[in-house]
Amino acid sequence: MHDERKEWDERYRSHSHASLEADPFFLDAYKHFVLPLFPARGRALDVAGGVGRHSLVLAQDGWQVTMIDISEVGLKQAGENARNKGLNLDLVNKDLSEQDAISGQFDLILVFFYLERSLFPQLVRALRPGGLLLYKTYTEQSSKDEGRRPSHSMHLLQPNELLTAFSPLQVLHYSEAPCRGTAELIARNPGR
């Protein structure tokens with residue numbers, strides 16, 4: 001049986017996923033969508049946040065950040081990265097494939113390069129009215145030579161899958177880039 005926790009612990013031990021460089025889509029979405037809607041900041045959730053590359057940016061800018069990841073090793077590195085910058089992150093070690101993996105309400109939810117379809121309804125429920133979801137991950141058009149790309153099709157999006165999955169939300173931005181094999185979504189909870 002495949003042990004996801006063990007696999008990710010080993011990846012973080014080997015530093016194959018140690019970059020603290022924020023994704024360009026995150027930086028652009030933060031500047032053009034998040035900041036105008038949340039000048040006073042708020043609560044953010046970073047799903048499968050690894051070593052904290054996006055959580056650190058948010059915490060530095062005044063957000064209260066909860067980061068969930070399956071890897072204790074990744075979370076330990078995220079905690080060290082935060083302490084080195086004098087920041088505080090709420091780190092949660094949890095397998096996101098478990099039922100009710102996400103609890104609480106958030107103004108901003110980030111999901112980068114992680115795909116667990118059973119989590120989609122939980123993400124919608126965890127988003128406060130007016131809150132934003134930023135989601136970017138690989139599509140089935142990803143190049144098989146790309147080193148970090150998942151090898152199993154269950155971890156790759158179908159065309160327009162994010163649009164369908166998050167139809168209860170108001171889509172502010174959506175794009176699929178076949179050349180990069182990724183899909184990007186910015187969606188807002190219109191409220192109840």
Side-chain angles (χ1 to χ4, degrees), residues 4-96 98 101-116 119 122-123 126-128 130-138 146-150 172-173 180 182 184-189:
E4 195 92 10
R5 188 178 305 271
K6 186 176 180 179
E7 178 183 325
W8 280 102
D9 280 348
E10 186 51 42
R11 286 184 188 189
Y12 290 119
R13 270 190 208 96
S14 72
H15 300 287
S16 70
H17 288 69
S19 174
L20 292 179
E21 186 176 333
D23 188 275
F25 167 66
F26 167 78
L27 295 173
D28 189 59
Y30 190 69
K31 178 180 177 182
H32 293 102
F33 291 91
V34 178
L35 286 178
L37 290 171
F38 297 100
R41 310 312 184 250
R43 290 191 69 213
L45 174 66
D46 188 357
V47 174
V51 296
R53 67 182 179 145
H54 297 128
S55 291
L56 295 170
V57 172
L58 293 172
Q60 181 78 44
D61 201 35
W63 287 81
Q64 179 186 348
V65 182
T66 299
M67 194 183 90
I68 300 176
D69 201 279
I70 194 170
S71 172
E72 289 181 30
V73 176
L75 288 170
K76 182 179 179 195
Q77 290 176 13
E80 289 170 6
N81 291 332
R83 280 188 296 283
N84 289 342
K85 294 178 177 283
L87 302 172
N88 185 40
L89 300 176
D90 178 21
L91 303 172
V92 178
N93 183 230
K94 193 174 272 192
D95 182 344
L96 289 161
E98 295 174 1
I102 296 177
S103 60
Q105 290 279 284
F106 299 91
D107 301 295
L108 176 62
I109 298 177
L110 313 176
V111 186
F112 278 76
F113 299 107
Y114 178 77
L115 181 59
E116 175 62 52
L119 200 60
Q122 293 180 56
L123 294 171
L127 202 56
R128 286 186 175 147
L132 286 180
L133 170 66
L134 307 184
Y135 205 125
K136 178 179 181 178
T137 198
Y138 296 109
E146 196 171 322
R148 294 180 175 217
R149 174 197 184 270
L172 304 178
H173 165 82
R180 291 190 308 267
T182 59
E184 301 172 345
L185 171 77
I186 301 172
R188 188 174 191 201
N189 183 348

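- Separation of atoms CZ (F113) and OG1 (T137) is listed at 6.5 Å; rounding is to 0.5 Å.
- The nearest pair of heavy atoms linking I109 to L123 is CD1-O, 3.6 Å.
- Between the side chain of D69 and the backbone N or O of N93 there is no donor-acceptor pair closer than 3.5 Å.
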Derivation of the side-chain contact (heavy atoms from CB on, under 4.5 Å) call for R53 and D23: CA-CA 8 Å; R53 67 182 179 145; D23 188 275; 4.1 Å; yes

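- The only member of D46, I68, T66 that meets side-chain contact (heavy atoms from CB on, under 4.5 Å) when paired with D90 is T66.
- A donor-acceptor pair under 3.5 Å is absent between the side-chain atoms of R188 and the main chain of L172, judged by distance alone.
- For F26, the ring pair (Phe, Tyr, Trp, His ring centres under 6.0 Å) criterion is met by Y30, H54, not counting sequence neighbours.
- Rounding to the nearest 0.5 Å gives a distance of 10.0 Å between CG of L134 and CD of E184.
- Shortest non-hydrogen contact noted between I186 and A29 is CD1-CB, 3.6 Å.
- L185 approaches F25 most closely through the heavy-atom pair O-CZ, 3.8 Å.
- A donor-acceptor contact shorter than 3.5 Å links the side chain of N84 to the backbone of E80.
- Between the N189 side chain and the L127 main chain, a donor and an acceptor come within less than 3.5 Å of each other.
- In this structure, the side chain of R83 does not engage the main chain of N81 through any donor-acceptor pair within 3.5 Å.
- Taking CG from L108 and CZ from F38, the interatomic distance works out to 7.0 Å, rounded to the nearest 0.5 Å.
- Contact detail for A78 and L91: the closest heavy-atom pair is CB-CD2, 4.3 Å.
- Distance check: L56 CG to M67 CE gives 8.0 Å after rounding to the nearest 0.5 Å.
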Intermediate values then yes/no, side-chain contact (heavy atoms from CB on, under 4.5 Å), L87 and Q60: CA-CA 7 Å; L87 302 172; Q60 181 78 44; 3.8 Å; yes

Steps toward side-chain contact (heavy atoms from CB on, under 4.5 Å) verdict (V47, Y135): CA-CA 10 Å; V47 174; Y135 205 125; over 6 Å; no

Criterion side-chain contact (heavy atoms from CB on, under 4.5 Å) on L89 and Q64, from CA distance to verdict: CA-CA 7 Å; L89 300 176; Q64 179 186 348; over 6 Å; no

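- Atom CG of N88 is surrounded by 12 or fewer heavy atoms from other residues, nucleotides or ligands within 6.0 Å.
- When all heavy atoms are compared, the tightest approach of I102 to Q122 is N-OE1, 3.0 Å.
- For the residue pair L119 and L96, the shortest heavy atom distance occurs at CD1-O, 3.7 Å.
- In terms of the salt bridge (charged side-chain N to carboxylate O under 4.0 Å, His left out) criterion, R43 has no residue partners (sequence neighbours excluded).
- No side-chain heavy atom of H32 sits less than 4.5 Å from a side-chain heavy atom of L27.
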